[in-house]
Amino acid sequence: MSKLEDIVNLCKRRGFIFPGSDIYGGMAGTWDFGPLGTVLKRKIMNAWWEFFVEKRDDIYGVDAAIIMNPRTWKASGHTETFSDPLVECMNCKGRFRADKLGDFQADVTKLDLDKALVKCPTCGQHAWGEVRQFNMMFSTHVGAVSDETSEAYLRPETAQGIFTNYKNVVDTIYPNIPFGIAQQGKAFRNEISPRDFIFRCRELEQMEIEYFVHPDTWKENFEKILKECHDFLENKMKLPAEMIHDVEVEGADLAHYSKRTIDVEFDFPIGREELMGIAYRTDFDLNNIARESGKNMEYRDKNTGESFVPHVIEPSFGVERLVMAVLTAAYEEDTVGDSARVVLRLPEELAPYRFCVSPLLKNKPELVEKAKEVYTKLREKYGNVTWDDSGNIGKRYRKQDEIGTPKCIVIDFDTLSDNTVTVRDRDTAEQVRVEIKEL
Ligand code: ATP
């Protein structure tokens with residue numbers, strides 16, 4: 001089994017992530033987070049919010065609507081250009097994203113596929129139709145009438161909800177430049193081939209910041225934000241630096257709005273792939289909105305008196321990819337004593353449970369009562385503490401190792417006389433005696 005399959009199985013077995021609508025045979029490209037996955041995802045999102053918004057005074061949060069006026073997507077260029085190259089195999093009728101069939105760029109043509117003798121991954125034949133651009137926005141109808149005038153889209157990125165609120169934020173908060181606006185939320189993309197677990201989904205969650213700067217200062221701000229993103233990934237998500245790689249995006253792969261983009265890639269079990277991106281979007285979006293809305297998007301610097309349309313640096317994180325990276329870095333199989341185990345070495349701040357509390361024996365009421373007392377106290381103090389009295393102690397440890405619980409606390413007969421408990425460490429499997437009041 002590949003490492004990806006191991007992680008997918010663990011996620012399903014232990015209640016982290018399930019295939020969406022599983023009970024009805026699934027819904028391609030959608031995933032449901034279970035009790036443990038929901039906590040992990042929430043902790044990741046909260047850590048991001050705390051790092052980029054709460055702990056600093058130059059970035060403000062918004063929470064915009066998912067369904068936006070369709071003029072948003074006309075102005076942003078998404079109606080015209082938010083597409084992937086789609087190609088059909090004329091033999092088996094399978095449809096694929098043409099640039100992912102080999103080492104191609106977004107402007108790949110049928111000729112490129114023919115020259116490289118690319119075979120269909122499904123039927124093995126070489127019979128490609130023309131490559132055409134497929135728009136990835138999900139459309140819907142708003143209101144009771146279902147015609148062209150009621151057509152709207154589910155947002156394919158959270159960024160436009162930020163840009164369309166730029167003026168509201170400037171006019172109400174009066175921020176000093178440079179400043180940022182951050183948003184977390186769902187986005188929807190009708191991906192041609194959703195794949196690789198939660199790596200490429202049709203319904204996803206993003207965490208994005210638009211950082212507004214004076215045009216002359218974009219270079220230093222780009223470097224500053226790049227550094228901050230690494231700081232977050234390495235020190236808050238605890239992803240190993242050697243698994244993170246910056247890739248300068250060039251040529252046809254550069255998005256239509258960007259003058260410079262760095263894809264931050266990660267060594268996923270499926271290979272090195274994009275984890276997040278940082279794009280210099282210039283004044284592209286604000287100018288487009290000014291044109292479409294007829295509103296003035298200039299910022300007036302109170303200190304210098306200068307008026308200008310700010311330029312934008314955008315760090316864009318995908319929550320699912322971050323969850324997958326954290327799980328990838330944490331997943332390990334090793335042996336403790338002479339027994340094999342699976343262990344999720346999650347950072348303590350991200351683990352769904354910080355502690356697991358157990359009575360040594362569940363049929364001894366005095367042990368259960370004492371254990372409940374410790375459990376309640378820790379829960380009040382830390383939240384996210386779990387209780388486990390099933391099976392024998394060894395089995396409980398294995399289970400907690402698999403879900404990444406850093407410490408297991410066991411109440412035994414000695415506890416009753418000396419108020420000490422056994423604390424067992426997930427990573428080293430070492431056990432120490434600790435007084436309850438020291439926990
Ligand atoms: P890719 O090249 O992998 O399709 P992208 O360059 O289109 O990604 P962006 O538009 O820059 O991605 O989106 C920003 C971030 O959102 C990505 O870095 C990624 O983390 C996340 N993301 C984008 N598309 C998906 C998806 N289909 N499923 C999960 N996460 C996604």
Side-chain angles (χ1 to χ4, degrees), residues 17 20 27-31 33 41 44-45 48 73 76-78 81-86 96-101 103-108 133-138 154-163 182-210 225-226 229 232-233 237 239 244-258 260-266 268 270-281 284-285 312-328:
I17 302 167
M27 179 79 194
T30 69
W31 296 89
F33 283 75
K41 181 175 154 191
I44 288 174
M45 293 177 76
W48 185 93
W73 311 112
S76 67
H78 281 78
T81 58
F82 190 63
S83 52
D84 273 340
L86 171 72
F96 304 91
R97 211 176 122 175
D99 58 329
K100 298 285 176 193
L101 288 170
D103 194 14
F104 299 113
Q105 293 200 323
D107 56 357
V108 57
Q133 290 299 320
F134 171 76
N135 193 296
M136 289 195 290
M137 285 198 291
F138 274 103
L154 305 186
R155 65 181 179 203
E157 61 173 30
T158 51
Q160 293 306 322
I162 297 177
F163 285 120
Q183 174 165 228
Q184 298 186 331
K186 292 270 188 179
F188 301 82
R189 297 181 176 192
N190 197 1
E191 294 280 355
I192 295 168
S193 19
R195 62 181 172 91
D196 299 324
F197 191 35
I198 52 173
F199 182 81
R200 190 172 296 288
C201 327
R202 289 187 168 135
E203 179 174 337
L204 56 132
E205 201 135 358
Q206 291 186 314
M207 306 188 285
E208 298 193 295
I209 297 166
E210 305 308 327
I225 287 176
L226 176 63
C229 290
F232 174 74
L233 294 173
M237 297 294 103
L239 298 177
I244 304 172
H245 315 276
D246 290 349
V247 178
E248 198 76 52
V249 179
E250 274 154 333
D253 272 348
L254 204 59
H256 62 278
Y257 50 74
S258 180
R260 184 184 179 198
T261 294
I262 284 189
D263 281 351
V264 177
E265 297 189 341
F266 183 76
F268 288 102
I270 51 173
R272 189 182 286 191
E273 294 278 357
E274 177 178 330
L275 168 60
M276 56 128 349
I278 303 164
Y280 168 43
R281 292 177 81 126
F284 175 84
D285 300 271
V312 171
I313 316 289
E314 175 197 74
S316 175
F317 290 79
V319 177
E320 285 77 7
R321 289 194 191 173
L322 205 46
V323 171
M324 189 158 152
V326 166
L327 287 171
T328 302

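Since the structure is predicted, the reported quantities are computational estimates derived from the model, not experimental observations. In each ligand, atom 1 is the first atom listed, and ligand 1 is the first ligand listed.
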Self-check item: Cation-pi check, Arg155 onto Phe188 ring (under 6.0 Å, within 45° of axis)
Solution: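 No, cation not above the ring by the 6.0 Å, 45° rule.
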Quiz item: With distance as the sole test, does Glu203 use its side chain to make a donor-acceptor pair with the main-chain N or O of Thr30 at under 3.5 Å?
Solution: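 Judged by distance alone, no pair lies under 3.5 Å.
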Quiz item: Can any side-chain N or O of Arg189 pair as donor or acceptor with the backbone N or O of Pro156 at less than 3.5 Å?
Solution: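 Yes.
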Self-check item: Exercise: identify the closest heavy-atom pair between Glu205 and Glu320
Solution: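 Result for this residue pair: N-OE1, 3.0 Å.
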Self-check item: Amino acids in close contact with ligand 1, where any non-hydrogen atom sits under 4.0 angstrom away
Solution: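 Within 4.0 Å of ligand 1, protein side: Arg97, Arg189, Glu191, Phe199, Arg200, Cys201, Leu204, Gln206, Glu274, Leu275, Met276, Gly277, Ser316, Gly318, Arg321.
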Self-check item: Aromatic contact, Phe266 with Phe268 (centres under 6.0 Å)
Solution: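 Close enough - the centres of the two rings lie under 6.0 Å apart.
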Exercise. Only counting residues at least two apart or in another chain, list the ones meeting salt bridge (charged side-chain N to carboxylate O under 4.0 Å, His left out) with Asp263.
Key: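 Applying salt bridge (charged side-chain N to carboxylate O under 4.0 Å, His left out) to Asp263 gives none.
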